[in-house]
Number of protein chains: 2
Amino acid sequence: MEIQQNIKIAVDAIVFGYNDNTLNVLLIKQKFGALKNQWALVGGFVHDQETLHDAVNRELKEESGIKVNYLEQLYTFGDDIDRDPRFRVVSVAYFALVNSTKFTLKADTDAEDAQWFPINNLPPVAFDHAQIITLAYQRLQSKLTYKPIGFDLLPREFLFSELENLYCTILEKDIDRRNFRKKVLSFGIIEETDKFGNKKSGRPAKLYKFNRSKYNQFIKDGFHFQIKLDKKKK
Amino acid sequence: MEIQQNIKIAVDAIVFGYNDNTLNVLLIKQKFGALKNQWALVGGFVHDQETLHDAVNRELKEESGIKVNYLEQLYTFGDDIDRDPRFRVVSVAYFALVNSTKFTLKADTDAEDAQWFPINNLPPVAFDHAQIITLAYQRLQSKLTYKPIGFDLLPREFLFSELENLYCTILEKDIDRRNFRKKVLSFGIIEETDKFGNKKSGRPAKLYKFNRSKYNQFIKDGFHFQIKLDKKKK
DNA sequence: ACAAAAGTGTTAATCTTACACCCATGT
DNA sequence: ACATGGGTGTAAGATTAACACTTTTGT
């Protein structure tokens, strides 16, 4: 039995990075093809003998040189038949987090340029990529409240104030520092190091790190990670 | 620029129904093709000029004659290159809820047979469909606690005890009837009718119905739907 | 009168919120 | 000494959890 079908499968990756109190999205400008000189998400067609995950990782490597901390499938876009003007493409979008301080972007094989853009100040992007980014941002916001994925946007060792700011920034909320600290520490999933941050002013602050195995135990014991920030940002 | 790719796109639907305190999954047995005489999820290949949603709805119609109350994309399965032994297939799985008391299944065009199976007593199913069903069940369990999708498994007018049982059954938890009722009513999203159920024994019970526009208002006002059942089932 | 399911309130415990002052460092 | 950000506790209010008896109907 032969199936006639003329639809291509692509993957796209929405990569978030966090730096200087700003949430950024990684965009690339391609050298070749239909996307020449347009900003777009990292992505491309899936090879016949390659899993979807492998395809995303390959594109991330080829187009940005980045190694992500977190990667999950976001959504498959296939309800707009003409999203790509060339032919029909169904795109499986992935959602990735990276500690962006660690990386210098190197536009590799296929990309002329790769750059971070603040989520609140994106350039025009190709196809329906703006819509994909919006969905990814919503997922990030909601997932941040019930999974400890914020740590994947921070360096391995971080200041409490960085974690606070990350939550404030991404959730667009104010925060009560005391309550936030109490709540986070109550989970017992982050621990002090004996090192201190090197901020220029103010009292030196301890560096903390996320303990993933304690988190796994916490979950196995039937507890729930949950961080709600209730006040609205001015 | 021509893209060489030899991957087919399919959709599959996991349809849940609820009846007699049992959560059921809809499976079909196909007349033709590789799946002949095996139980499988409703599904098939996407046509070139058809959205993914249209494809699911078409397959649901062709293979079961069911009209669902709720439909959302679940996950795209494309990491097992050999999940279909014939050729590579990437399948976009959808998750659907139906008030199964309303329907008599009619195996239509493509299906020899269509039947409900209790989630805890499934027959062997084709391909990786067992895995897909497991994922869908997890999604149902978690979504039930934060979205009012339980109503999509019940008749339009239902007894409070039916709603209670639905939550107990699907979440595999015990329940405190008083606390559950208080919590659900506190949201103000369901309302009494002046009708009564027709159980054979016991005191007659009022029928209730879900008011979707009140729910939308509730959400717009910034409230959160949340139902947790804490005690474990014996 | 009994069996079966429906309906209903109170209290203790827990969790959440609001709130402000002192501390350690660099300049 | 002052500016900067770090670190900390308590009390009021809200939410959740535990718990059992009365009501209405059919038989």
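Chain naming here is simple, since letters A, B, ... match the order of the sequence lines and numbering starts at 1 in each.
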A side-chain contact here means heavy atoms from C-beta on lying under 4.5 Å apart; do B:N165 and B:E162 qualify? no

Kindly indicate whether the side chain of A:K147, heavy atoms from C-beta on, has any atom under 4.5 Å from the side chain of A:Y70. no

Between B:S161 (side chain) and B:L159 (backbone), is there a donor-acceptor pair under 3.5 Å? no

Can you tell me if [X] touches the phosphate of [N], counting only side-chain N or O atoms and a distance under 4.0 Å to OP1 or OP2?
{"X": "B:K183", "N": "D:dT16", "answer": "yes"}
{"X": "B:S161", "N": "C:dA6", "answer": "yes"}
{"X": "A:R181", "N": "D:dT8", "answer": "yes"}

Which whole-number value in Å describes the distance from [X] [atom1] to [N] [atom2]?
{"X": "B:R203", "N": "C:dG7", "atom1": "CZ", "atom2": "C1'", "answer": "5 Å"}
{"X": "B:N198", "N": "C:dA5", "atom1": "CG", "atom2": "P", "answer": "14 Å"}
{"X": "A:F187", "N": "C:dT16", "atom1": "CZ", "atom2": "C1'", "answer": "12 Å"}
{"X": "B:K206", "N": "C:dT8", "atom1": "NZ", "atom2": "P", "answer": "6 Å"}
{"X": "A:R177", "N": "C:dC21", "atom1": "CZ", "atom2": "P", "answer": "14 Å"}
{"X": "B:H224", "N": "C:dC15", "atom1": "NE2", "atom2": "P", "answer": "20 Å"}
{"X": "A:L185", "N": "D:dG6", "atom1": "CG", "atom2": "P", "answer": "14 Å"}
{"X": "B:K200", "N": "C:dA5", "atom1": "NZ", "atom2": "P", "answer": "8 Å"}

Starting at the 5' end of DNA chain D, which residue's closest nucleotide do you reach first, A:P204 or B:Q226? A:P204

With nearest nucleotide decided by heavy atoms, which residue, A:N179 or B:K182, maps closer to the 5′ end of DNA chain D? A:N179

Mind checking if A:K228 touches a base, just sugar-phosphate, or nothing, with heavy atoms under 4.0 Å? nothing

Is the distance between the ring centroids of B:F223 and B:F187 under 6.0 Å? no

Donor on one side chain, acceptor on other, A:N19 and A:S100, under 3.5 Å: yes

May I ask you to verify whether the side chain of B:R178 and the base of D:dA17 hold a donor-acceptor pair under 3.5 Å? no

